[in-house]
There are 2 protein chains.
Amino acid sequence: MPANEPSSATPTTSASPRGAAARAQVLAAAAELFTRDGYAATTTRAVAERAGLRQGTLYHHFAAKEDILATLLEATVAPSLAYARRLLEPAEPVPGARLWALVRFDTELLLGGLSNVGALYQLPEVRGERFAEFRQVRCDLAGAYRTVLAPLDELPEDQLRLRAQLVLGLVEGAVAVARECAEQEAAVVPAAVADAAVRLASPQGCTEERLAAVREAALELAVLAGR
Amino acid sequence: MPANEPSSATPTTSASPRGAAARAQVLAAAAELFTRDGYAATTTRAVAERAGLRQGTLYHHFAAKEDILATLLEATVAPSLAYARRLLEPAEPVPGARLWALVRFDTELLLGGLSNVGALYQLPEVRGERFAEFRQVRCDLAGAYRTVLAPLDELPEDQLRLRAQLVLGLVEGAVAVARECAEQEAAVVPAAVADAAVRLASPQGCTEERLAAVREAALELAVLAGR
DNA sequence: GTCTATATCAAGATAGAC
DNA sequence: GTCTATCTTGATATAGAC
């Protein structure tokens, strides 16, 4: 990756860890290792080494190990919520279109992001104080899921909550298992999960034709929402 | 908790950890703590204390911390597979009935068992050597899911695999989120997840009526399969 | 901003008395 | 079979030179 910088022109901007880029390298390294080996089992040494730094240097960028995790989580869930909000602006052409678009976006984000940060959502450490802000955003996202689920079925509030949880569980669970078996199939997963979400949220049934219409409408919505 | 045993009548059978019961107490304590705080973050001291033992004593029942986890996992997945096999013996009265029964059973097992051992399935530690046997059983269970999914949809093998993964993801994901919000609602979750699974596996749509028929047939199957 | 070196602490596992 | 030690190791985080 490093192109060249034999001499020293601009000290703060070099290819290797040096400077501001180091922080980003640490985040990328942590995302990889946290998702692969688990948060608790990943040492700060391993993160630093992978980022091209020494262990102690991490603490000039993050005050504690938990801060690295919190930064990762917030950076991952924020785009989801932002996308969900853009998705809610235009009217929904076909019931289920918003749901399809949102589920596909989230699955894609979790699967394709730097790493499978989605799997980190359920870490026990996330219950701590340090992660309150993240959990709040996460909660707002769950609300968005309820909103996009509502038009598909007349449901009392608590049933709607449960269904939103089911769909969230589907997305995160599917992401967790998707990397294990599928390799090149990963490209199909987001759409498949979105299909599945629409089906499971359609109480009076969802035929292939209807699903096709939902997909098409969702793709248009996705353009409007900027993705 | 200890009722009384001032003198010493039968040495191997007393109320507190003493004797063979200790092993079971350790497992119960570990299940609770591993699922609540995570495996890596749970110390053997904490497990021992909750089991009413001292840290060192654990090692007379298990050779290592990982052995506790492995025992828990195997004990949880084995009933699922056994149930799935019994479910496959009788003919399927209505397509989807087996799926419904299996999903409900698994969700119930994971939710209601000693603890949410299901959440432990995705621990990074489980990739290790020590857990090969567990992963094998898990793999067999995935095969059973493919079998019960097959009658619902004409699907090429790889698509069927993906769908089985989706359903497994749904079950485990739903279980993971179910405890967070729902309290007394937990009783509704298994059936709701089973409904959701059947819907998402029914490509040509699944109306309320059909779902009702599936549920009824599934309950009969469940009786035959011994639960 | 990065390094080396180290303080500090707690974890898993073992030894041997009772 | 359980206890009280203790060994050994490896972790996070800090201090201070460059």
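Residue numbering restarts at 1 for every chain, and letters A, B, ... go by the order of the sequence lines. Remember, it's a predicted structure, so these values are computed and weren't measured experimentally.
As a whole-Å value, the separation of E49(A) CD from dT4(C) P is 12 Å. Distance CG (L58(B)) to C1' (dC3(D)): 13 Å, rounded to an integer number of Å. One atom, NZ of K65(A), and another, C1' of dA13(D), lie 12 Å apart when rounded to the nearest Å. Protein atom CZ of F62(A) is 16 Å distant from nucleotide atom C1' of dT12(D), rounded to whole Å. Separating the CZ atom of R23(B) from the P atom of dG1(D) is a distance of 12 Å, rounded to the nearest angstrom. Distance CD1 (I68(A)) to P (dA11(D)): 15 Å, rounded to an integer number of Å. L33(B) places its CG atom 13 Å from the P atom of dA11(C), with the value rounded to the nearest Å.
When all heavy atoms of A187(B) and P190(B) are compared, the closest pair comes out as O-CD, 3.6 Å.
E133(B) is linked by a side chain to side chain donor-acceptor pair (under 3.5 Å) to nothing, counting only residues two or more places apart in sequence or in another chain. The ring pair (Phe, Tyr, Trp, His ring centres under 6.0 Å) check on F105(A) picks up Y83(A), with sequence neighbours excluded. For D67(B), the side chain to side chain donor-acceptor pair (under 3.5 Å) partners are R130(B), not counting sequence neighbours. For S80(B), the side chain to side chain donor-acceptor pair (under 3.5 Å) partners are D106(B), not counting sequence neighbours.
Between E66(B) and H60(B), the residue whose closest nucleotide on DNA chain C is further toward the 5' end is E66(B).
Side chain of L53(B), nearest nucleotide from dT12(D), dT2(D), dT2(C): dT2(D).
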What N/O pairs connect the protein and nucleotides 4-7 of chain D at under 3.5 Å? Give each pair on its own line.
unit_1: dT4(D); atom_1: OP1; unit_2: R54(B); atom_2: NH2; d: 3.3
unit_1: dT4(D); atom_1: OP2; unit_2: R54(B); atom_2: NE; d: 2.6
unit_1: dT4(D); atom_1: OP2; unit_2: R54(B); atom_2: NH2; d: 3.1

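Screening residues 22-51 of chain B for ring-ring contact (aromatic ring centres under 6.0 Å, His included), with sequence neighbours left out, gives F34(B)-Y39(B).
OP1 or OP2 of dA13(C) has at least one side-chain nitrogen or oxygen of Y59(B) nearer than 4.0 Å.
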